[in-house]
Amino acid sequence: MEKKITLTGITTTGTPHLGNYVGAIRPAVISSHSANQKSFFFLADYHALIKNKDKNLIYKSTTEIAASWLALGLNTDNAIFYRQSDIPEIAELTWILNCVTSKGLMNRSHAYKSTVQTNIEGNEDADFGVTMGLFSYPVLMAADILLFKANTVPVGRDQIQHVEMARDIAQRFNHLYGQVFQLPEVKINQNVDTLVGLDGRKMSKSYNNIIPIFASEKQLKKNINKIKTNLLEPGQPKDPDDSLVFQFWKAFAHQPKIDEMRDKFQNGISWGEAKKELFVLINNELAEPRDRYNELMSDPEKIESYLIEGASKAREISLPFIKEIREAVGINTLQKIKS
Ligand code: TRP
């Protein structure tokens, strides 16, 4: 049986936090160890350029995200892990796809529309701050997906439309030039939004409520102490289903331990005690990867070598395929036609 191809990108803006870990990285690491799946994970640094113009941040985030995925145990023998900008065929395909993508389709993109909406509400020109990069963001994403013939693309809800657009673009291309592209399917990553932030809203840098995955032990403890609770005293029964501390607990504990903590809540465990136990639980899972992370961060060349190896595996696929795509549209080596 042909192996199913799964592919997903991580935009290199920001420091990876526990929400990313629980929602995206941990499941991806698990799937990278599964023999009956072929997976592609990549650092979407071209996408990062759309959102952020701070070159130091892009560089720092690329290093941190790569180090995090590697430190957390991504199996790079089985999964292909690379940096988008190391694959020139992605940029090339983006142009080819631009030429079959209707502007009308891009006009419907949520990300673009919400910028326009904000502009209008703020009495700005509708196009204020809208770059061609933002406008055609879904085309670059379609190239990422279609170049590697992905069957499934696991993403959070905010990215569903982009995968659907990749499908539309592939269909349009196939209609014009023949069956070249595999149509991708979105796989909604149910876990993505499960981990809340310190204040109960979605964990996100823009809410300033994140816990970085590789905070030091001391920082992790401090962060956990900041998780919002209520005023119930030690000894008073607490409702686990109405507690952020318990939500974090559930994201890291196995079932028997979840049941145990549920009982402790009903028996009135103090918030201080519950948080202490939560710290031990999370820290146990992250302590070893943290050492590996710190080691990698002090040796960027080592990280680079993983990425170069990943890019070379990815290009074994993208190079012959881009040739096929070029031929499909009529960009070809000139030669005498044999009669
Ligand atoms: N745009 C995605 C995000 O912000 C990241 C991404 C880029 C991606 N290319 C992709 C995800 C291809 C899936 C497939 O989350």
Side-chain angles (χ1 to χ4, degrees), residues 4-17 19-25 27-28 31-32 37-52 57-58 61-62 65-66 68-69 79-94 97-98 101 106 109-115 131 133-170 181-193 195 202-206 210 310-311 314 317-318:
K4 283 264 176 216
I5 298 178
T6 298
L7 172 146
T8 200
I10 317 104
T11 306
T12 53
T13 43
T15 296
H17 55 65
N20 304 135
Y21 172 63
V22 171
I25 310 176
S31 94
S32 78
Q37 241 194 56
K38 190 165 178 149
S39 26
F40 292 77
F41 301 108
F42 66 95
L43 305 165
D45 53 351
Y46 279 155
H47 278 99
L49 294 185
I50 298 169
K51 297 186 186 166
N52 201 294
L57 186 134
I58 303 274
S61 171
T62 303
I65 294 177
S68 301
W69 282 65
I80 303 186
F81 185 55
Y82 55 100
R83 176 170 46 201
Q84 186 183 35
S85 59
D86 283 338
I87 316 294
E89 294 74 35
I90 294 176
E92 186 171 349
L93 180 56
T94 300
L97 296 180
N98 261 315
T101 304
M106 294 300 99
S109 158
H110 299 318
Y112 160 70
K113 275 185 13 188
S114 88
T115 306
T131 62
L134 175 66
F135 186 65
S136 53
Y137 179 114
V139 185
L140 176 57
M141 191 156 151
D144 291 331
I145 295 170
L146 301 179
L147 188 59
F148 294 102
K149 304 180 186 173
N151 304 103
T152 43
V153 183
V155 285
R157 288 180 197 286
D158 60 325
Q159 298 292 321
I160 297 173
Q161 190 198 31
H162 295 147
V163 181
E164 285 168 350
M165 285 177 160
R167 221 183 137 84
D168 287 348
I169 295 169
F181 292 122
Q182 164 75 35
L183 302 187
E185 304 216 0
V186 68
K187 181 170 157 220
I188 310 210
N189 197 337
Q190 299 290 359
N191 294 325
V192 154
D193 302 322
L195 196 65
K202 180 183 163 168
M203 190 179 280
S204 159
K205 201 178 61 162
S206 46
I210 68 159
I317 299 161
S318 62

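When reading the values below, keep in mind they use all heavy atoms of this one structure, side chains included, and skip hydrogens, waters and symmetry mates. Atoms within a ligand are numbered from 1 in the order they appear, just like the ligands themselves. Just so you know, residue 1 is the first one in the sequence shown, and it goes up from there.
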Ligand 1-proximal atoms of H162, by part, heavy-atom distance under 4.0 Å = neither
Centres of the Y82 and F148 rings: under 6.0 Å?
-> yes
Does one side chain, of T6 or T152, offer a donor that lies under 3.5 Å from an acceptor on the other?
-> yes
Could you tell me the residue and atom name of the protein heavy atom closest to atom 11 (C) of ligand 1, and the distance to it rounded to 0.1 Å?
-> G9 N, 3.3 Å
Numbered in order shown, the ligand 1 atoms found under 4.0 Å of a heavy atom of A44 are 7 (C)
Numbered in order shown, the ligand 1 atoms found under 4.0 Å of a heavy atom of K51 are 4 (O)
Could you tell me whether some N/O pair between Y137 and ligand 1 is separated by less than 3.5 angstrom?
-> yes
Near T11, which atoms of ligand 1 are under 4.0 Å from a heavy atom of that residue?
-> 2 (C), 3 (C), 4 (O), 5 (C)
Any idea which protein heavy atom is nearest atom 2 (C) of ligand 1, and the distance to it?
-> Q159 OE1, 3.3 Å
Ring centres under 6.0 angstrom apart (F81, F41) | no
Backbone or side-chain N or O of D144 under 3.5 Å from ligand 1 N or O | yes
Atom indices of ligand 1 within 4.0 angstrom of I145 heavy atoms, with elements | 12 (C), 14 (C)
Short N/O distance, under 3.5 Å, between T8 and ligand 1?
-> no
Taking atom types as modelled, find out whether D144 and Q84 have a side-chain donor-acceptor pair closer than 3.5 angstrom.
-> yes
Give the minimum heavy-atom separation between I87 and S318, together with the two atoms involved.
-> CG2-OG, 3.7 Å
Can you sort out which atoms of ligand 1 are near V153, meaning under 4.0 Å from one of its heavy atoms?
-> 13 (C), 14 (C)
For T12 and D45, test the side chains for any donor-to-acceptor distance below 3.5 angstrom and give the result as yes or no.
-> no
Numbered atoms of ligand 1 (with element) below 4.0 Å of V155, judged on heavy atoms | 11 (C), 13 (C)
Heavy-atom nearest pair, H17 first then S204, reads NE2-CA, 4.4 Å
So T11 and T13, side chain to side chain donor-acceptor pair (under 3.5 Å) or not? Walk me through it.
-> CA-CA 6 Å; T11 306; T13 43; 5.6 Å; no
